[in-house]
Amino acid sequence: MTAVIECSGLTKFYGKNRGISDLTLSVDKGETFGFLGPNGAGKTTTIRCLLGMLKASSGEARVLGERVTLDGAKLRKRIGYVAGEVHLYDRETGQWHLDYVAGFRGGKRLLEKELIERFEYDPSRKVKELSKGNKQKLALIIGMAHDPGLLVLDEPTSGLDPLNQQTVFEVVEERVRAGATVFLSSHILTEVERLCERVAIVREGTLVAEESVAGLLSRRMRDVEVTFGEEVPLSLLSEIPGVKTAEQPSPTMLRATIKGGDMNALLAALASHPVRDLQITHASLEDVFMEFYRDGEPEGGEQS
Amino acid sequence: MSWHLLKATLYQRRTALLWYSISLISYSVMIVWYYPIIAKTDLKGMLDAFPPEMIKFFAGSDVSLFTFGGFLATEYTGFIWVLIMAAAGITFATKSYSSEISAGTMELLLAQPISRQALAVTRSVALTIYLGVLVLATVVPIQITAIAMDIKYSVSHVWLFAGVGLLMSLAISGVGMLAAAASRESGKPAGIVGGLLGAMWVLNFLAGSAKWAEALEPVNLFKYWDSAVILDKGIVAASTWWVLGGVALATLVGSVIVFSRRDVA
């Protein structure tokens with residue numbers, strides 16, 4: 001696989017304040033890569049370093065095979081960017097903005113008309129008259145109208161209603177099918193879960209995990225609920241290695257949250273009693289995400 | 001340079017350009033229209049009683065108030081016009097860089113395929129055109145009104161004034177561009193340049209009476225601005241061209257270099 005984004009030891013300090021520290025990650029061509037972290041974790045700093053808006057204090061970033069510099073005009077021709085906080089020119093219309101950005105790209109606006117229709121956006125209105133959702137739609141159209149090979153999306157569905165969120169998901173999935181690579185920074189974990197194949201989690205400027213969404217979920221928490229055909233002690237589950245919490249709602253029912261991929265100990269314990277019903281659910285990505293932040297220190301994950 | 005950005009930049013400044021132009025046209029017409037009335041009055045004796053420093057403070061020159069150039073300089077081009085041009089230029093400068101950064105719209109621009117150098121050079125060219133239009137909004141109405149009022153004036157002196165005036169405006173605005181290119185706050189560059197200009201103006205006034213102020217004159221832009229002499233005699237010292245041109249060029253080039261190397265976020 002060809003790497004579209006490569007960060008190697010990327011570090012950015014604002015004076016003495018940390019932005020990101022020693023960030024190393026790689027995003028392959030055609031991949032939808034999620035970039036997760038709470039406010040102030042360094043997500044936007046990373047994106048701005050990748051786009052050449054900020055100069056890295058040390059380390060290197062390569063995007064689409066080119067080393068990122070402050071002056072990467074040629075590189076930005078192939079990138080579509082939707083900023084986390086949408087800032088537009090209030091006095092100008094949406095159409096003015098579309099013409100403005102298209103002018104820098106040699107008039108390239110392959111998807112503009114289609115996106116306007118799909119988002120049901122009216123480009124004739126001035127930005128100052130637009131709702132937050134409509135500004136977000138305009139930002140999305142601006143970022144994607146030239147059909148870029150790399151989409152860098154920072155909270156792309158912020159302020160959108162569920163219908164338009166769905167449209168964003170569909171458009172992103174279509175772009176990926178057409179060969180585009182997506183770097184998605186988001187707080188909305190359901191959208192990351194839906195769109196992304198791999199995620200990186202940053203905390204206080206440092207990468208704490210980078211792996212596939214499926215892998216992250218499968219090796220994380222499971223909620224187990226078992227109904228037995230007879231009374232059982234709570235210790236049946238609470239003493240299994242990896243059990244984080246266990247409770248007994250009734251004498252014949254046990255509930256537990258189990259961390260880790262090894263289910264054999266659980267199955268062995270269950271086999272010693274008649275089981276009437278068994279329900280095992282994976283923790284959501286949100287639960288996984290929270291696990292990384294709950295106690296200040298990440299409890300697991302792999303750094304690469 | 002980017003023609004597309006140049007057009008967009010000037011388009012975005014259209015309202016400010018319109019209002020500054022209307023102000024300058026109105027002021028120019030009003031002052032020239034008023035000149036024949038003043039020229040006929042017998043205020044010369046009273047004005048002779050003023051110290052030359054006072055006249056210089058307002059006119060930037062010690063030439064007579066009763067010549068066309070002297071009158072324009074005292075009432076308009078010596079002080080007020082410079083203030084208007086400085087305000088227009090400094091506002092343009094902050095809107096070119098620091099205001100866009102603080103408003104977040106610079107991020108939209110920098111996400112487009114345009115190099116930092118091209119962006120900054122385009123902003124400087126746009127500033128030159130913008131100020132050029134304002135200079136025209138000054139000198140064209142002056143000449144039209146002078147012709148209409150049958151006032152004798154030198155066309156070449158007025159165009160010479162336009163040239164030096166543009167250079168003076170560019171020198172002041174260039175300092176603004178440099179400060180704005182280095183800043184992320186919209187008001188700070190205007191404050192810095194405004195303070196610097198105020199200090200220069202006071203120094204220019206004090207230079208006639210205080211030795212220490214006189215010693216600082218070579219670095220004072222206002223020393224090189226004598227619109228009365230330009231309009232009446234058509235004389236511009238070589239040092240005026242060099243200093244004003246040098247400051248304008250150095251600060252605009254400086255703004256390109258600073259903006260090309262800084263973090264923008």
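Residue numbering restarts at 1 for every chain, and letters A, B, ... go by the order of the sequence lines.
If you measure heavy-atom distances from B/Glu100 to chain A, the contacts under 4.5 Å come from the side chain alone. Only the backbone of B/Ser260 comes within contact range of chain A, judged by heavy atoms closer than 4.5 Å. For a residue to count as touching a neighbouring chain, one of its non-hydrogen atoms must lie under 4.5 Å from one of that chain's; by this rule A/Lys55 touches chain B with backbone and side chain alike. With a threshold of 4.5 angstrom between heavy atoms, B/Ala111 approaches chain A through its backbone and through its side chain. Heavy-atom distances place both the backbone and the side chain of A/Tyr89 under 4.5 Å from chain B.
How far OH of A/Tyr100 is from OG1 of B/Thr105: 7.5 Å, rounded to the nearest 0.5 Å. Taking NE2 from B/His4 and CG from A/Asp99, the interatomic distance works out to 8.0 Å, rounded to the nearest 0.5 Å. Interatomic distance, A/Met53 CE to B/Met106 CE, rounded to the nearest 0.5 Å: 10.5 Å. For the atom pair CG of A/Leu51 and CG of B/Leu110, the computed distance is 9.5 Å after rounding to the nearest 0.5 Å.
Heavy atoms of other residues, nucleotides or ligands lying less than 6.0 angstrom from CD of A/Glu120 number 12 at most. Around the CD atom of A/Glu66, the shell of radius 6.0 Å holds more than 12 heavy atoms that belong to other residues, nucleotides or ligands. At most 12 heavy atoms of other shown residues, nucleotides or ligands fall within 6.0 angstrom of atom OH in B/Tyr34. Counting heavy-atom neighbours within 6.0 Å of B/Trp33 CH2, excluding the residue itself, gives a total of 12 or less. Atom CH2 of B/Trp241 sits in a crowded spot, with more than 12 heavy atoms from other residues, nucleotides or ligands closer than 6.0 Å.
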message: Test side-chain contact (heavy atoms from CB on, under 4.5 Å) on A/Tyr81 and B/Gln112; report intermediate values, then the result.
response: CA-CA 9 Å; A/Tyr81 173 49; B/Gln112 309 312 318; over 6 Å; no
- prompt: Step by step, would you call A/Arg91 with B/Arg14 a side-chain contact (heavy atoms from CB on, under 4.5 Å)?
  reply: CA-CA 11 Å; A/Arg91 289 172 53 206; B/Arg14 63 195 182 279; 4.0 Å; yes
task: Take A/His97 and B/Leu108 through the side-chain contact (heavy atoms from CB on, under 4.5 Å) test and state the conclusion after the steps.
output: CA-CA 10 Å; A/His97 282 83; B/Leu108 173 69; 4.0 Å; yes
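The choice from A/Glu92, A/His146, A/Lys77 that makes the most heavy-atom pairs within less than 4.5 Å of chain B is A/Glu92. Put simply, of A/Ile142, A/Val101, A/Val152, A/Thr69, the one with the most heavy-atom pairs under 4.5 Å next to chain B is A/Val101.
Considering every non-hydrogen atom in both B/Pro113 and A/Ala73, the closest pair reads CB-O, 3.1 Å.
Under 4.0 Å is where a charged nitrogen must lie from a carboxylate oxygen, and between B/Asp263 and A/Lys12 at least one such pair does. The pair B/Glu107-A/Arg76 does not count as a salt bridge, with every side-chain nitrogen at least 4.0 angstrom from each carboxylate oxygen.
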